[in-house]
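All values reported here derive from a predicted model rather than from experimental measurement. Chain letters run A, B, ... following the sequence lines, proteins first, then strands; residues in each count from 1.
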Number of protein chains: 2
Amino acid sequence: MMASDVWKEYESNEISHSVAHHLTAIHELMDDLGYARVSDVARALEITRGSASLTLKALKARGLVVEDHNKFLKLSEDGRRIVDSILAKRAVVRKFLNEVLKLDEHQAEVDACKVEHLLSAQTGGQLLHFVHFLLSDDPTARQFLAEFWSKLDQNEEWQWPVQDVDQLFNLESR
Amino acid sequence: MMASDVWKEYESNEISHSVAHHLTAIHELMDDLGYARVSDVARALEITRGSASLTLKALKARGLVVEDHNKFLKLSEDGRRIVDSILAKRAVVRKFLNEVLKLDEHQAEVDACKVEHLLSAQTGGQLLHFVHFLLSDDPTARQFLAEFWSKLDQNEEWQWPVQDVDQLFNLESR
DNA sequence: ATCAGTTGTTTTATTAGCAAAACATCGGTT
DNA sequence: AACCGATGTTTTGCTAATAAAACAACTGAT
């Protein structure tokens with residue numbers, strides 16, 4: 001069975017990686033500086049002003065960014081909601097990778113950044129439930145994590161990529 | 001603190017989504033048909049032969065795909081290793097989303113497909129450890145999952161995106 | 001008032017990834 | 001031999017996202 005019908009949904013993502021970071025840059029600049037202009041976004045993303053100008057023009061046209069009477073940028077209601085969902089997913093994924101899977105902070109940050117805009121709202125929500133419970137005070141969760149981490153220390157023998165994950169899981173097919 | 005230094009690593013990914021699926025298509029075609037030509041890849045991915053031809057030419061140049069004396073394609077040793085790591089990550093993510101987070105199979109498939117080529121080997125490995133233990137016979141894992149799922153049923157009240165994930169987790173900063 | 005620096009935009013070019021169309025080749029039928 | 005269908009490649013064009021460079025406009029200092 002070919003995954004032909006699935007793999008193209010990647011591009012159909014309305015929020016690209018680039019757009020996600022233009023929007024979150026505006027959000028963070030508003031927090032840090034109190035304002036966000038084209039140049040500030042360009043500096044934050046380390047791209048040229050010209051590139052930022054073009055992308056932000058498109059975002060204004062899409063109604064995700066609004067422009068002040070004096071060229072000051074702001075997120076629209078829609079833009080704000082998108083940024084919220086992206087930052088929420090990023091935070092959850094980062095926390096899971098770093099605090100549960102014990103990946104170093106940089107790795108967690110990088111992988112969370114790559115993935116944040118791709119996860120569906122459902123996936124983000126379920127992952128939030130999961131991580132929240134997993135890191136809660138619940139004794140079962142505590143015990144589970146403790147056991148997992150102790151196993152992690154012993155399990156340095158696995159190599160990656162594993163030759164046959166399906167067999168490891170007793171998966172029936174792919 | 002801007003994530004300026006991190007977000008650009010996205011493009012620096014040596015394996016793009018498109019390349020990942022060209023390679024895995026060859027792998028699956030070899031399994032299913034016993035061979036893989038340009039047209040077969042194009043059909044599997046539902047793109048034109050011309051597009052597949054160009055992409056595969058680049059992959060031959062990169063040494064990930066080799067061509068038979070009669071235009072039959074095969075994965076090189078490098079290509080094979082890349083496909084293995086991608087399929088392993090896809091399988092683990094899909095299993096986690098579907099069997100742990102209880103997302104429906106289609107959603108799990110789509111999200112796994114979007115993410116598979118972006119996860120680092122470290123992340124993939126740790127996630128494999130985690131899911132393997134989580135779905136094992138270990139009584140602590142069993143009990144943890146049972147409790148999580150029972151909470152899931154009660155917890156239909158959460159809305160997504162959550163307004164303030166950081167507060168939910170008592171995160172200190174971002 | 002001029003000059004320098006910052007800002008925003010536009011134009012030109014590049015790359016990845018696709019489609020569409022033209023073209024060439026090969027294999028089997030008739 | 002002529003034709004047809006499948007195959008592979010190339011060319012042209014498109015979109016998104018970038019850089020680079022030219023340009024215009026505003027700001028502040030002298």
After noting the C-alpha distance and the side-chain angles of B:Lys74 and B:Asp68, does the key distance pass the salt bridge (charged side-chain N to carboxylate O under 4.0 Å, His left out) rule? CA-CA 7 Å; B:Lys74 211 176 45 175; B:Asp68 212 335; over 6 Å; no
Show the numbers, then the answer: is there a ring-ring contact (aromatic ring centres under 6.0 Å, His included) between B:Phe148 and A:Phe144? CA-CA 12 Å; B:Phe148 169 63; A:Phe144 168 78; over 10 Å; no
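At least one side-chain nitrogen or oxygen of B:Lys8 sits closer than 4.0 Å to the OP1 or OP2 atom of D:dA19. For C:dA16, the OP1/OP2 oxygens have no side-chain nitrogen or oxygen of B:Ser16 closer than 4.0 Å. When the side-chain nitrogen and oxygen atoms of B:Ser18 are compared with OP1 and OP2 of C:dA16, none of them lie within a distance under 4.0 Å. A:Ser51 has a side-chain polar atom (N or O) that falls below the 4.0 Å cut-off from OP1 or OP2 of D:dA19.
If you run side-chain contact (heavy atoms from CB on, under 4.5 Å) between A:Leu73 and each of A:Asp40, A:Val66, A:Val38, A:Leu59, only A:Val38 comes through. None of A:Arg90, A:Arg94, A:Lys89 except one satisfies the salt bridge (charged side-chain N to carboxylate O under 4.0 Å, His left out) rule with A:Glu116; the exception is A:Arg90.
Distance from the side chain of B:His22 is smallest to C:dC18 among C:dC18, D:dA17, C:dT10.
Taking atom CG on B:Leu33 and atom P on D:dT7, their separation rounds to 11 Å, with Å as the unit. Taking atom CG of residue B:Leu45 and atom P of nucleotide C:dA19, one finds them 10 Å apart after rounding to whole Å. Atom-to-atom, CG of B:Leu56 to P of D:dG8 comes out at 10 Å; the value is rounded to the nearest Å. Between the CD1 atom of B:Ile47 and the P atom of C:dA20 there is a distance of 12 Å, rounded to whole Å. As a whole-Å value, the separation of A:Glu46 CD from D:dA19 P is 10 Å. Separating the NE2 atom of B:His117 from the P atom of C:dG17 is a distance of 10 Å, rounded to the nearest angstrom. Summarising the geometry, the separation between CG on A:Leu23 and P on D:dA17 is reported as 11 Å, rounded to the nearest angstrom. Between the CG atom of B:Leu54 and the P atom of C:dA22 there is a distance of 17 Å, given to the nearest Å.
Looking at A:Lys8 and B:Glu46, no side-chain N of the basic residue comes within less than 4.0 Å of a carboxylate O on the acidic one, giving no salt bridge.
Classification of the B:Phe96-A:Phe96 ring pair by plane angle, with boundaries at 30° and 60°, yields parallel.
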Return the polar atom pairs (N/O with N/O) between nucleotides 6-8 of chain C and the protein under 3.5 Å, or none.
from, atom 1, to, atom 2, distance (Å)
C:dT7, OP1, A:Arg37, NH2, 3.1
C:dT7, OP2, A:Arg43, NH1, 3.3
C:dG8, OP2, A:Ser39, N, 2.7
C:dG8, OP2, A:Ser39, OG, 2.6
C:dG8, N7, A:Arg49, NE, 2.9
C:dG8, N7, A:Arg49, NH2, 3.2
C:dG8, O6, A:Arg49, NH2, 2.9

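With sequence neighbours excluded, the residues satisfying side-chain hydrogen bond (donor to acceptor under 3.5 Å, both in side chains) with A:Glu147 are B:Thr140.
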